[in-house]
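Only one structure is covered here, and it is reproduced in the block below.
Just the heavy atoms: all of them, side chains too, but no hydrogens, waters or symmetry mates, feed the values below. Whatever order the structure lists them in is the order used to number ligands and atoms, beginning at 1.
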Amino acid sequence: MGAPRGQFSSRIGFLMASTGSAVGLGNIWGFPTKVASNGGAAFVVVYLLLAFLLAYPALMAELTIGRHARSNMVQALRGISRGSTSYFFGSLAGFSGLLVAALILSFYAIVAGWMISHLASPVANLLGANDVAAWFTGDSIIRNLSFTAIFSGLTMLIIASGVEKGIERWSTLLMPTLLLLMFLLIAYVLTQDGAMTGLEVYLNPDFGQLSPQLLLSAMGQAFFSLSIGVGTMLIYGSYLSQQESLPRLGALVTLIDVGIAFTAGLLILPAMYVAQTSGTQIFAESGELIAGPGLILQVLPALFDNMGSIGLLVAIAFFALMVIASLTSSISMLEVPVAFTIENFGMRRKTATLLAGSIIFSISTLIIFNFEGLFGFIVSFSTEYGQPLLGIALCIFAGWIWRRDQLLAELKKGHKNIEHTLFWKIWPWYVRIVCPLLILAAFVQSVL
Ligand code: PHE
């Protein structure tokens with residue numbers, strides 16, 4: 001057998017790691033731009049509702065199953081199954097979780113690689129190496145490969161150091177830095193011309209834009225942002241002490257994740273309108289705000305360029321923020337296959353990290369060489385199909401297959417009077433019936 005299982009050393013350590021997983025490109029890039037293109041604050045309201053009504057219950061399913069099983073998703077779902085059929089579906093869901101986590105990481109590492117190259121570019125400018133700086137931001141296969149490799153290497157280094165010395169230590173260092181950078185940037189951007197228009201667009205609800213499509217987009221965003229379905233929260237739950245109250249910690253993670261997404265909007269939307277004031281195009285030809293890679297890779301860099309020399313520092317701070325957000329998320333994705341390999345094959349952590357990391361990097365390489373054909377496909381396969389379907393599977397396991405007395409016993413650890421709380425009155429049937437049906441309804445609608 002391998003070494004004893006890792007564990008977070010404290011509640012703060014768990015909170016840093018799990019909010020680190022949750023807060024990522026999805027919050028700082030995805031959320032604000034979806035708000036901008038979906039009716040401003042109307043989207044914020046819908047998102048808040050869905051985060052608490054759908055994503056939080058599913059998150060609770062993952063955390064509770066994980067802490068009970070003290071193992072990866074495959075073993076955990078097998079462990080709570082009650083016959084050969086549920087054992088089979090547990091294995092299927094567990095392995096699908098592994099696959100989807102790997103696929104998400106394979107595209108995430110490419111995007112995070114862009115963030116590193118855009119961080120390196122102003123640094124090179126500062127050092128006077130302007131040609132190198134231009135190469136860093138120019139789009140080329142070799143540039144993409146190199147920076148994806150650097151990002152994957154960083155992710156692997158942290159994961160190879162284990163739960164406490166790797167995940168917990170780095171999340172605890174990086175998350176406060178992320179917040180500090182974000183507040184500094186907001187303070188600066190809000191003093192610039194045009195920022196108030198951006199703030200208005202962000203905070204002014206246009207409920208006329210509410211539509212099934214918006215609902216779906218908000219649900220996908222909530223699942224992606226809370227890292228649900230692929231076993232990351234499950235494995236982090238499995239490293240959590242039994243003295244902690246799961247419903248409270250889960251609510252805190254949801255609250256912090258939503259709070260940081262909202263705060264990121266106070267940066268991105270005003271920054272876009274500041275860019276417009278200084279002459280940068282922020283609307284695509286279709287009349288919509290530029291939201292895709294063009295936003296982060298063209299609109300904002302153009303803004304930083306127009307700011308003169310302070311722009312270099314602002315660019316460094318902004319892309320450092322993006323890299324940090326990506327890294328605390330990517331480690332949680334890589335931990336999924338690594339924990340599985342350690343626990344299933346008794347492999348050493350370092351070997352398992354090298355193996356899983358290299359396989360995922362190969363998938364990234366494949367995507368880089370076939371970008372047009374693969375990138376969009378893998379993003380939508382893993383986040384629009386994989387995550388919601390796996391979310392349903394986890395709710396079914398927590399709500400129907402797991403024995404109710406065991407579930408209660410797990411929740412009682414760290415929360416003695418749970419039976420008398422509103423949480424216990426609502427959540428078990430909610431996760432059993434309401435969650436799977438709502439997710440399914442939204443999913444079916446999107447497929448049709
Ligand atoms: N929650 C991360 C983000 O918002 C992405 C993520 C998805 C992380 C799935 C882990 C698992 O960017």
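- Contacts of V230 with ligand 1, taken as heavy-atom pairs under 4.0 Å, involve the side chain alone.
- Scanning all protein heavy atoms for the shortest distance to atom 2 (C) of ligand 1 gives S21 O, 3.4 Å.
- The shortest N or O to N or O distance between S225 and ligand 1 is under 3.5 Å.
- Protein heavy atom nearest atom 11 (C) of ligand 1, with residue, atom name and distance: S227 CB, 3.5 Å.
- Judged by distance alone, the side chains of S9 and E168 do bring a donor and an acceptor atom under 3.5 Å apart.
- For atom 7 (C) of ligand 1, the closest non-hydrogen atom on the protein side is F224 O, 3.6 Å.
- Here the options are S329, S332, S21, the test is side-chain hydrogen bond (donor to acceptor under 3.5 Å, both in side chains), and the partner is S227; only S21 passes.
- Across W29 and A291, no two heavy atoms sit closer than the pair NE1-O, 3.1 Å.
- Considering backbone and side-chain N/O atoms, T232 never comes within less than 3.5 Å of an N/O atom of ligand 1.
- Some N or O of G26 is nearer than 3.5 Å to an N or O of ligand 1, by distance alone.
- Side-chain contact annotation: D139 with W114, donor-acceptor N/O pair under 3.5 Å absent.
- Contacts of A22 with ligand 1, taken as heavy-atom pairs under 4.0 Å, involve the backbone alone.
- Counted by atom type alone, S238 and R67 present zero donor-acceptor pairs between their side chains at under 3.5 Å.
- At a cut-off of 3.5 Å, with distance as the only test, no side-chain donor of N38 or Q209 sits close to an acceptor on the other residue.
- Proximity of the aromatic rings of F375 and F371 is defined here by a centroid distance below 6.0 angstrom, and this criterion is met.
- A donor-acceptor pair shorter than 3.5 Å cannot be found between the side chains of Y273 and Q192.
- Of the polar atoms of Y108, at least one N or O is found under 3.5 Å from an N or O of ligand 1, judged by distance alone.
- Looking at ligand 1, you won't find any N or O of V23 less than 3.5 Å from one of its N or O atoms.
- Note: no N/O pair closer than 3.5 Å links M333 and ligand 1 by distance alone.
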